[in-house]
Amino acid sequence: MAWLILLIAGLCEIGWATGLKYSEGFTRLVPSVLTVVAMVVSIVLLGYALKTLPVGTGYAVWTGIGAVGTAAMGILLLGESTDPMRLASIGLIVAGIVGLKLTSPV
């Protein structure tokens, strides 16, 4: 259950990181409110997941999900680069997340 909660926390991190772009420096009300809500939910769920998971593993996976997901959102929504080196780097982050999950005692 902790891994599922951590996944949801990571998805919320993607939401708030992407929301930062759409809030335009917190000058647009609705995107700003949604961004702050996603931030709070993400942190609360991370804290809950860390009650069971090791902090190093949980935090690294949470940030990894956020980094990979936010990079993907940038590509899909904002037309950011799909340079092969960039995609390979994202793949390395995914490999790290998988490695941490596979070696976690929980």
Side chain proximity check, [X] to [Y], heavy atoms < 4.5 angstrom:
{"X": "Y22", "Y": "L77", "answer": "yes"}
{"X": "K101", "Y": "L6", "answer": "no"}
{"X": "I65", "Y": "E13", "answer": "no"}
{"X": "I5", "Y": "L46", "answer": "no"}
{"X": "L78", "Y": "K21", "answer": "yes"}

Linked, directly or transitively: W3 and I43 (ILVMFWY side chains, under 4.5 Å): yes
Path from L11 to M73 over hydrophobic side-chain contacts below 4.5 Å: yes
Please give me the minimum heavy-atom distance between [X] and [Y], naming the atom from each residue.
{"X": "L45", "Y": "A9", "answer": "CB-CB, 3.6 Å"}
{"X": "G64", "Y": "I97", "answer": "C-CD1, 3.3 Å"}
{"X": "I14", "Y": "G69", "answer": "CD1-CA, 3.4 Å"}

All side-chain contact (heavy atoms from CB on, under 4.5 Å) counterparts of L100, not counting sequence neighbours: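 With sequence neighbours excluded, L100 shows a side-chain contact (heavy atoms from CB on, under 4.5 Å) to T57, A60, V61, given in chain and number order.
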Pairs touching residues 46-55 that satisfy side chain to side chain donor-acceptor pair (under 3.5 Å), sequence neighbours left out: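 Counting only pairs at least two positions apart or across chains, no side chain to side chain donor-acceptor pair (under 3.5 Å) contact touches residues 46-55.
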Residue pairs involving residues 60-85 (criterion side chain to side chain donor-acceptor pair (under 3.5 Å); sequence neighbours excluded): S42-W62, E80-R86
Donor-acceptor under 3.5 Å (T27 side chain, E24 main chain): yes
Backbone of G19 reached by a side-chain donor or acceptor of T35 within 3.5 Å: yes
